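All remarks here apply to the structure that follows.
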Amino acid sequence: MALIPKNNSKNPLATPEEKRAKREAAAEDVLLREVDEAVRQDQMSNFAANYGKQLIAAIVLCLAAFGGYLYWQSQQEAGMERDSEALVAALDQIEAGNLDSGSAALDPLIADSNPGAEATARLLKAGVALQQGNARQAAELFAAVAADEDAPPALRDIATIRSVATSYDTMKPADIIARLKPLAVPGNPFFGSAGELVAMAYLEQGKQKEAGALFASIAKDETVPEGLRSRSRQMAGLYGVDAIEDVDKVLEQLGSPQEAAAPGAQ
């Protein structure tokens, strides 16, 4: 058996010209790949040169903005915690009877704090002013909270009612009704307090029917404090409006005459 001689060429029958063409094609392919790589590197270099600074600046800006937000959030939380501690400290002074020092402790909060803390501080300071007999200052503080659009709505409503109650004797009935009528509706958290003042203003205008109906509505509202409901029930009855829905329940709360007249009753 004859042995076939080894030949490293893939095509032993190729001519020298064909072999040279293949080598040149391979060399050209390598050159094209190197040129393509160089072009890509050059493009990246140009991009970095033209847009690198802007890109880095944008990244830094985003990081700075995010960091600023985190700082603002931490400052807000720290500020609210600081304001809360200051309010509690002032309230402790007031409850201990140290009205002057408690009122003075509220001044920094009124001057520089978040809207909620500021409004609360004004309300507390107004309460101190009332205890000290300074109704005029109290009314001004209540009115300031009521007019503050940044204050929480609930605190503004409280301030409105307290402002009217403090200045009631110097206000016209029509002004009282105009200020409080939006709050003197069933379902409003301050219906009882606002409704009672409006009903009293109606009486000053001679509108007994409207006053009696409003007193009856307050008396029937189970969300209103019982003391105010009882007072309103009596006022409604005085002006001929039945405000009692459950007689047995009312008798149970007040103590029935039969029980009071029973032998041995004290």
Side-chain angles (χ1 to χ4, degrees), residues 87 91 94 106 109-110 113-131 134-246 250 253:
L87 282 171
L91 186 59
I94 294 170
L106 295 170
L109 290 169
I110 294 175
S113 64
N114 66 76
E118 179 184 347
T120 304
R122 287 186 188 276
L123 291 176
L124 287 174
K125 195 173 182 70
V128 171
L130 280 178
Q131 291 187 56
N134 194 340
R136 181 177 179 179
Q137 181 188 13
E140 291 175 352
L141 288 167
F142 285 134
V145 176
D148 186 358
E149 295 183 356
D150 292 329
L155 296 185
R156 293 185 66 188
D157 290 344
I158 292 173
T160 298
I161 295 171
R162 296 298 295 163
S163 174
V164 172
T166 304
S167 306
Y168 187 91
D169 293 336
T170 63
M171 295 179 67
K172 296 179 180 180
D175 294 335
I176 294 172
I177 295 169
R179 289 281 303 278
L180 296 182
K181 198 170 183 179
L183 303 177
V185 293
N188 186 283
F190 307 105
F191 168 52
S193 300
E196 184 179 37
L197 290 171
V198 171
M200 295 301 294
Y202 278 145
L203 289 177
E204 290 190 23
Q205 289 182 327
K207 298 179 179 179
Q208 297 182 359
K209 181 179 180 180
E210 289 83 349
L214 187 51
F215 278 127
S217 183
I218 296 171
K220 295 176 181 179
D221 192 332
E222 296 184 355
T223 64
V224 173
E226 184 54 41
L228 178 52
R229 291 182 67 193
S230 178
R231 187 165 64 246
S232 298
R233 188 181 301 116
Q234 294 174 10
M235 293 297 293
L238 184 63
Y239 293 100
V241 181
D242 184 10
I244 300 178
E245 293 182 335
D246 189 339
V250 173
Q253 291 173 345

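What you are looking at is a predicted structure, and each value in this text was computed from that prediction instead of being measured. Just so you know, residue 1 is the first one in the sequence shown, and it goes up from there.
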Between CZ on residue Arg162 and OG on residue Ser167, distance to nearest 0.5 Å: 10.5 Å

Closest non-hydrogen atom pair between Thr160 and Ala146, with its separation: OG1-CB, 3.4 Å

Side chain to side chain contact (heavy atoms under 4.5 Å, CB included) assessment of Ile176 paired with Leu180: CA-CA 6 Å; Ile176 294 172; Leu180 296 182; 4.3 Å; yes

Heavy-atom pair of closest approach, residues Lys125 and Leu106: N-CD1, 3.5 Å

Heavy-atom closest contact (Gln131 atom, Ile94 atom, distance): NE2-CG2, 4.5 Å

Pairs under 3.5 angstrom only: tabulate donor-acceptor contacts from the side chains of residues 186-203 to other protein residues two or more places apart or in another chain.
residue: Asn188; atom: OD1; partner: Phe190; partner atom: N; Å: 2.8
residue: Glu196; atom: OE1; partner: Arg231; partner atom: NH2; Å: 3.3
residue: Glu196; atom: OE2; partner: Arg231; partner atom: NE; Å: 2.7
residue: Glu196; atom: OE2; partner: Arg231; partner atom: NH2; Å: 3.1

Nearest heavy atoms of Arg156 and Glu149, plus distance in Å: NH1-CA, 3.7 Å

Spacing of Leu155 atom CG and Thr120 atom OG1 [to the nearest 0.5 Å]: 5.0 Å

Euclidean distance, Leu238 CG relative to Phe215 CZ, rounded to 0.5 Å: 9.0 Å

Glu204 and Tyr168: CA distance, side-chain angles, deciding distance, side chain to side chain contact (heavy atoms under 4.5 Å, CB included) verdict: CA-CA 12 Å; Glu204 290 190 23; Tyr168 187 91; 3.0 Å; yes

Verdict with reasoning, Glu210 to Tyr239, per side-chain hydrogen bond (donor to acceptor under 3.5 Å, both in side chains): CA-CA 10 Å; Glu210 289 83 349; Tyr239 293 100; over 6 Å; no

Candidate pair Glu118 and Leu109, rule side chain to side chain contact (heavy atoms under 4.5 Å, CB included), full reasoning: CA-CA 6 Å; Glu118 179 184 347; Leu109 290 169; over 6 Å; no

Which atom of Pro115 lies closest to which atom of Asp150, heavy atoms considered: CB-O, 3.2 Å

Closest approach of Ser232 to Ile218 (non-hydrogen atoms, all atoms of both residues): OG-CG2, 3.3 Å

Check against side chain to side chain contact (heavy atoms under 4.5 Å, CB included), Ile177 and Gln205: CA-CA 10 Å; Ile177 295 169; Gln205 289 182 327; 3.3 Å; yes

